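Some notes on the structure that comes next.
Quick note: residue numbers are just sequence positions, from 1. Source: prediction; values computed, not measured.
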Amino acid sequence: MSLDIKRPSINKTKKKTGFIVKMQLNNNNNNRGGHNKTNLFFIFFRNYYRWVIWLFLSLYFFTSYFAGDQSSPSTTTTTSLLSNHQTSSSLPSRALIESSAILKPGGPFSGMKIYVYDLPARFNVDWVTASDRCASHLFAAEVAIHRALLSDSSVRTSDPEEADFFFVPVYVSCNFSTANGFPSLSHARSLISSAVDFLSDSYPFWNRTRGFDHVFVASHDFGACFHAMEDMAIEEGIPEFMKNSIILQTFGVNYKHPCQEAEHVVIPPYIPPESVQRAIDRAPANGRRDIWAFFRGKMEVNPKNISGRFYSKGVRTAILKKYGGRRRFYLNRHRFAGYRSEIVRSVFCLCPLGWAPWSPRLVESAVLGCVPVVIADGIKLPFSETVRWSEISLTVAEKDVKNLRKILERVAATNLSVIQRNLREPAFKRALLYNVPMMEGDATWHILEALRRKLDRSYRRSSVLSQ
C-alpha cells in the first residue's frame with residue numbers, strides 16, 4: 001500500500017480546507033472492506049475532532065472538581081500552623097470564598113481578639129512593685145502594652161477559645177541590679193523560659209501551635225537576643241522556644257540579622273506621655289527654637305575597645321571631635337534630668353547609634369517637634385509601614401558625619417519648614433506614644449494594626465477555614 005498526500009486544488013466557487021488523503025491499495029480485493037472502514041474513521045475525525053476534544057475536556061474538569069472537594073481539612077490546618085510565613089493565598093480557594101460567610105470583618109481590627117495570660121505575679125507585677133522605674137524607663141514598653149491591652153475591651157477577650165493571639169506578659173527589663181543602674185538582662189532567658197513552661201503545663205494553647213500565635217515583648221538593645229553587646233547578642237541568638245512566635249521589639253534593621261530571625265514588629269521605645277506634656281508646657285511661649293543642633297548623652301573622647309568593638313562605632317566620638325565647641329552645635333556629655341526642655345528648644349536633634357542602632361531620642365525628638373537626625377546605617381524605624389519617617393526626619397550615613405554641618409545647612413535652606421509642619425501633625429506624635437487606656441492611633445493601636453496583618457497565623461481562623 002502506498003500513501004499519497006496532495007494539496008487540493010482551489011475552487012473559486014467553493015472553498016475547501018485541509019488535505020486530501022488518497023490511499024492506493026495494492027492488496028487483494030478481500031481487504032477492501034477493512035480499509036474502507038479506516039477511511040471513514042479519518043473522514044469522521046477530520047470533521048468532528050473539535051467536538052470530541054471539547055467532550056473529553058468537559059469530563060476532565062467535571063470529575064476534577066468533585067475529586068478536589070474531598071481533600072482532607074487536617075492537611076490545611078497542619079500546614080498553616082507549622083509554616084512561619086503561611087499566607088491566606090496558600091489556603092484552598094473554596095475555603096477562602098466560604099470564609100467570608102463565617103468570619104466577616106467586623107469591629108476594630110477585623111474582629112481580631114487577643115487573650116492576655118494571667119501569669120503569676122513573679123513574672124510581671126512583682127517587678128513593678130519592687131521598682132517604680134519598671135513602668136517608666138526606656139524599656140518599659142513591655143509594661144505599657146500589657147496595661148493597654150488589659151484596659152481595651154474591644155480587642156481583649158476573656159475566652160481563650162475565641163482568641164486569635166495570646167499575649168505573654170513577662171517583664172524582663174526591670175532587674176536594676178547593675179552598678180550603673182541600667183537593667184540587667186542576665187535573667188531574661190530563664191524568666192521567659194519559666195513562663196513558657198508554666199503556659200505549657202497550664203493551658204493547651206501553646207502546645208497546639210508551638211507558640212505560633214503567641215506574642216512577646218522584647219524592648220531591649222537587640223530584641224530577643226537579650227544582650228546589650230551586639231557580638232554577644234548574635235552569639236547567643238533568640239531562644240529556640242521563641243523563634244516560632246511574634247516578637248514586639250525596639251530593635252530593627254533593614255538587613256538579615258540573627259536577632260530578628262523571628263516574626264516581629266518594630267515598636268517605639270517607651271517615653272512617658274506625661275513627661276512629654278510637661279516639656280511642652282515649659283516650652284518658650286513664643287515657640288522659638290534657639291538651639292540649632294542638639295545632642296546630650298554618652299560621647300567618649302577616646303572610646304574604649306570592648307570585645308573588639310567601639311561604642312557607637314566611633315560615630316559619637318567623631319561628632320564630638322568635629323563639632324564640639326562649635327557655636328551652632330550644642331553638645332553635652334553629662335546627664336541632665338530636664339534634657340527634654342532642651343529638645344523642645346532645638347531645631348535639629350542628633351540621634352546617633354549607641355551600642356544598638358535605636359535610641360529613645362528618635363521618639364523624644366519627633367514628639368517634641370525637633371527634627372530627628374538619624375545616624376545609624378541600616379536602621380529600621382518603628383511602624384515604618386504606616387509612619388512616613390522620611391517626611392519627619394533626616395537620615396545621614398555614618399560615613400558622612402564629617403559633612404554634617406553642610407547637610408543640616410542645606411536642609412535648613414530648603415525644606416526645613418515642611419518637615420517642621422509635618423512634625424506638628426498630631427497623628428505622628430500619637431503613633432509614637434503609649435497610652436493607658438489605649439487611644440486610637442497611638443503606639444499600642446499601631447501594634448494591633450500590625451498584628452491584624454498577621455491574622456493568617458491565627459489558629460482559630462485557620463481551623464474555620466479548613467472546615
Relative to each other, are the rings of [X] and [Y] parallel, tilted or perpendicular (30° and 60° limits)?
X: Y115; Y: Y117; result: perpendicular
X: F166; Y: F205; result: parallel
X: H146; Y: Y171; result: perpendicular
X: W206; Y: H214; result: perpendicular

On the ring face of [Y], is [X] found with NZ or CZ under 6.0 Å from the centre and within 45° of the axis?
X: R208; Y: Y459; result: yes
X: R457; Y: F212; result: yes
X: R133; Y: F176; result: yes

Practice problem: Determine yes or no for a side-chain-to-main-chain donor-acceptor pair under 3.5 angstrom, with Q260 supplying the side chain and Y255 the backbone. | Solution: yes
Quiz item: Do any N or O atoms from the side chain of N422 and from the backbone of E391 form a donor-acceptor pair under 3.5 angstrom?
Solution: yes
I'd like to check [X] versus [Y] (side-chain heavy atoms, cut-off strictly below 4.5 Å). Are they in contact?
X: H137; Y: P183; answer: yes
X: R189; Y: F241; answer: no
X: I319; Y: P352; answer: yes
X: L191; Y: R122; answer: no
X: H220; Y: V172; answer: yes
X: I267; Y: P382; answer: no
X: F216; Y: V196; answer: yes
X: F198; Y: P120; answer: yes

Practice problem: Could you please spell out the steps behind the salt bridge (charged side-chain N to carboxylate O under 4.0 Å, His left out) verdict for R430 and E440? | Solution: CA-CA 9 Å; R430 192 180 306 119; E440 182 176 352; over 6 Å; no
Quiz prompt | side-chain contact (heavy atoms from CB on, under 4.5 Å) evaluation trace for V253 with I379 | solution = CA-CA 4 Å; V253 288; I379 187 173; 5.5 Å; no
Exercise. Could you please spell out the steps behind the salt bridge (charged side-chain N to carboxylate O under 4.0 Å, His left out) verdict for E240 and K243?
Key: CA-CA 5 Å; E240 284 297 325; K243 286 185 176 180; 2.9 Å; yes
Quiz item: Got a second to check how far D281's CG is from E274's CD, nearest 0.5 Å?
Solution: 12.0 Å
Quiz item: At what distance, to the nearest 0.5 angstrom, does NZ of K113 lie from CG of L455?
Solution: 12.5 Å
Quiz item: For the ring-ring contact (aromatic ring centres under 6.0 Å, His included) test, which of H264, H227, H257 pairs with F251?
Solution: H257
State whether [X] and [Y] are salt-bridged, where the test is any N-O pair (Lys NZ or Arg NE/NH1/NH2 against Asp/Glu carboxylate O) under 4.0 Å.
X: E162; Y: R460; result: no
X: K298; Y: E300; result: yes
X: E449; Y: R452; result: yes

Quiz item: Does one side chain, of T157 or D159, offer a donor that lies under 3.5 Å from an acceptor on the other?
Solution: no
Quiz item: Is it true that W355 and F222 have ring centroids separated by less than 6.0 Å?
Solution: no
